[in-house]
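See below for the structure under consideration.
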Amino acid sequence: MAYTALYRKWRPASFADVKGQDAIVTTLKNQIRLDRIGHAYLFCGTRGTGKTTVAKILARAVNCENPQDGEPCGICETCRAIEAGSSMNVVEIDAASNNGVDNIREIRDEVQYSPAEGKYRVYIIDEVHMLSTGAFNALLKTLEEPPSYVIFILATTEPHKIPVTVLSRCQRYDFRRMTTEVLMERLTELAEYEQVKVEERALRYIAKKADGAMRDAISLLDQCIAFHIGEDLTYEMVLSVLGAVDNERFSRFLRGILRQDSADCLLQIEELVMDGRELGQFVQDFIWYMRNLLLLTSSDVGNEVLDLTKEDWVRLQEEAAMTDPAGLMRLIRIFSELYNQMRNAVNKRVLLEIAVIRTAQPEMEENLESVEERLSRLERKVAEGIPAAPVISSVSASPISPEMVQTEEEPEPVVLPPAEYEDLMLIRQEWDRILNSIEHVARSSLLDTRVDPRGQGILCVVFFDAFHYNMCKTLQAMDQVKEFVAETYGKSLEFDLRLAPQREQEPRYLTDEDLAGIHGDIEIEDEEP
């Protein structure tokens, strides 16, 4: 027999099995028990919250031969036929692929005939917002005055796309996202049914990863069990299967950014890549980690709101003393922009590395948040007694002889000859080789540049992007190039950094001397008074 996915195998068969939607379940049961059944229902909510499941249970309950307190018995012939999908009284329609006027006209023709067996003919239209305008208009009249034996159940994830004329004719029920505790309770039950031992920490991570959707949570559990079949499922196993990262790594990454240690952050990115972690998922989870820290630093929230383990709670409290809300909001903005860029990017690693450099170097940005971050860092250094600039001490540990003073004040540097035109052309030809010889971070700021000779011993470097232009000046990349040229070619070289103009040149007016050099008739127009 073919394998059945867990979310299909353990789909609720009665209202009592539905988790996290108590208000909706109670209302529907009371309507069935008191025979106050409506003719049209609209089930709204995000994916995996139980809309289609409740619709099928409702279809069985209204047709059940022996209902018990609003619940379908599940053993009568009608219940079994509907469960097997062989009943002619329950029709499921996917509006995503059957959204035309002709599909709705077929329904309008069918509702004229009463059910051969059972009490009601139930139409479940999933993703109803996908219907065309003409299809909605064709459905409107039937939805307004249907026969007494017809019930429409419309399910959608986007109720704002449904016409108001349709909304006003339906009883609307909004399915909420399920809490982490509700998801964990259900996952624990399924793990026991499947006889699989799962760590509580692993179940909690799966529940958080599902983002309030029961179907997503069960599918993730099914995926993890299949990968480690026959083994006890641990937290580390779940992270490896889902390509996720432990909170301890997020903490290390954040602290490296707060220390302005770009090298350490880049090494951590290298570790993530070598471990096979998905960088887009890492950025998304890191944003959520900073969100928890922002809530902790800007409000008096407790652990019951953040839903963290004891170790994570202690770690966040330590990091809350290392930063402030303004700095965290700047980081969240940068990484949120990065996440949107990484969705369709080919080389996600380069984008992540550039974002790390931006976060560690606020002076590379020219917005208000960056200026505030730089001021905040200076204030923290002053408060901790760290000088903002190096201080030269006037007290020496040992006496200094006049010869030593003379040596320090008047050093004899090695003067290299300036680079001639031929040297500049040689450097221009070997520019790529020179860039490959400097540090990776500095090299990235000079990749998209053009070099041209500009006078004796001067090489002009033209940038076509303001970001790389500012990044080069901040990292002092040209000092590394100058040092490499001096060691390799034995020439002294200066650089003229230019940013390619983005606007039209200002008009140039001719002088009388310029006019005198023009051979031909010149016609000068007087300005109007």
Side-chain angles (χ1 to χ4, degrees), residues 180 183 187 198-211 213 216-229 231-294 306-309 311-313 315-316 319 328 331-360 440-441 444:
T180 303
L183 295 175
L187 293 178
V198 187
E199 285 185 358
E200 180 181 356
R201 192 180 180 190
L203 289 177
R204 182 172 294 277
Y205 181 82
I206 293 175
K208 288 183 179 179
K209 184 72 174 175
D211 194 22
D216 291 0
I218 299 176
S219 298
L220 291 175
L221 178 63
D222 195 4
Q223 178 183 351
C224 295
I225 293 175
F227 192 86
H228 296 281
I229 192 71
E231 302 180 42
D232 295 346
L233 199 59
T234 63
Y235 177 66
E236 288 74 16
M237 291 178 177
V238 170
L239 293 179
S240 64
V241 173
L242 302 181
V245 178
D246 189 14
N247 283 339
E248 190 273 334
R249 282 199 173 185
F250 295 136
S251 178
R252 285 177 49 206
F253 194 71
L254 177 62
R255 297 188 185 205
I257 292 175
L258 297 178
R259 293 194 310 269
Q260 297 181 278
D261 192 349
S262 302
D264 180 57
C265 293
L266 295 178
L267 289 177
Q268 293 185 47
I269 295 175
E270 176 70 19
E271 293 177 3
L272 293 173
V273 173
M274 297 306 296
D275 291 343
R277 305 302 187 189
E278 209 284 314
L279 296 182
Q281 183 64 46
F282 170 78
V283 172
Q284 184 181 19
D285 293 342
F286 184 57
I287 294 173
W288 190 260
Y289 183 85
M290 291 189 293
R291 170 259 182 191
N292 291 339
L293 182 57
L294 178 62
L306 300 180
D307 193 18
L308 301 170
T309 62
E311 294 80 4
D312 293 338
W313 176 255
R315 191 183 297 117
L316 279 181
E319 292 164 356
L328 283 174
L331 293 179
I332 292 175
R333 175 184 60 81
I334 292 177
F335 281 93
S336 297
E337 295 174 355
L338 171 65
Y339 180 70
N340 292 330
Q341 296 172 1
M342 293 176 69
R343 288 183 175 180
N344 301 319
V346 177
N347 199 334
K348 299 181 179 180
R349 177 175 178 175
V350 174
L351 294 177
L352 179 56
E353 290 174 341
I354 293 176
V356 167
I357 296 173
R358 288 176 58 194
T359 56
H440 172 72
V441 178
S444 62

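- Asp275 pairs by the side chain to side chain contact (heavy atoms under 4.5 Å, CB included) definition with Arg249, Arg277, not counting sequence neighbours.
- With respect to Glu353 and Arg349, a salt bridge is recorded, a charged nitrogen being found less than 4.0 Å from a carboxylate O.
- Atoms CG and CD, from Asn292 and Glu319 in turn, are 11.0 Å apart once rounded to the nearest 0.5 Å.
- Nearest heavy-atom pair, Leu183 versus Ala210, reported as atom, atom and distance to 0.1 Å: CD1-CB, 4.2 Å.
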* Worked check of side-chain contact (heavy atoms from CB on, under 4.5 Å) between Ile257 and Leu331 -> CA-CA 9 Å; Ile257 292 175; Leu331 293 179; 4.0 Å; yes
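- Applying the side-chain hydrogen bond (donor to acceptor under 3.5 Å, both in side chains) definition to pairs two or more places apart or across chains, those involving residues 232-242 are Tyr235-Asp246.
- Here the CD atom belonging to Glu271 is positioned 11.0 Å from the CZ atom belonging to Phe253, to the nearest 0.5 angstrom.
- Contact check for Leu254 versus Leu293: side-chain heavy atoms found under the 4.5 Å cut-off.
- Here the CG atom belonging to Leu187 is positioned 10.5 Å from the OG1 atom belonging to Thr180, to the nearest 0.5 angstrom.
- Taking Ile354 as the reference, Val350, Arg358, Phe467 meet the side chain to side chain contact (heavy atoms under 4.5 Å, CB included) condition, with sequence neighbours excluded.
- Looking at every heavy atom in both residues, Val356 comes nearest to Cys265 through CG1-CB, 3.4 Å.
- Residues meeting the side-chain hydrogen bond (donor to acceptor under 3.5 Å, both in side chains) test with Glu231, sequence neighbours left out: none.
- Here Glu199 does not pair with Arg204 in a salt bridge; the nearest charged N to carboxylate O distance is not below 4.0 Å.
- Ring geometry for Tyr289 versus Phe250: interplanar angle of 30 to 60°, hence tilted.
- In this structure, Lys348 and Leu352 have side chains that are not in contact, with every pair of non-hydrogen atoms separated by 4.5 Å or more.
- Taking CD1 of Ile218 as the start and CG of Leu221 as the end, the distance is 8.0 Å to the nearest 0.5 Å.
- The distance from the NZ atom of Lys209 to the CH2 atom of Trp288 is 12.0 Å, given to the nearest 0.5 Å.
- The shortest side-chain heavy-atom distance between Thr359 and Phe335 falls under the 4.5 Å cut-off.
- In this structure Cys224 satisfies the side chain to side chain contact (heavy atoms under 4.5 Å, CB included) test together with Ile206, Leu233, Val238, Val241, Leu242, sequence neighbours excluded.
- Here the CD-CD distance, from Glu278 to Gln284, works out to 9.5 Å after rounding to the nearest 0.5 Å.
- The side chain to side chain contact (heavy atoms under 4.5 Å, CB included) check on Arg259 picks up Arg255, Asp261, Asp264, with sequence neighbours excluded.
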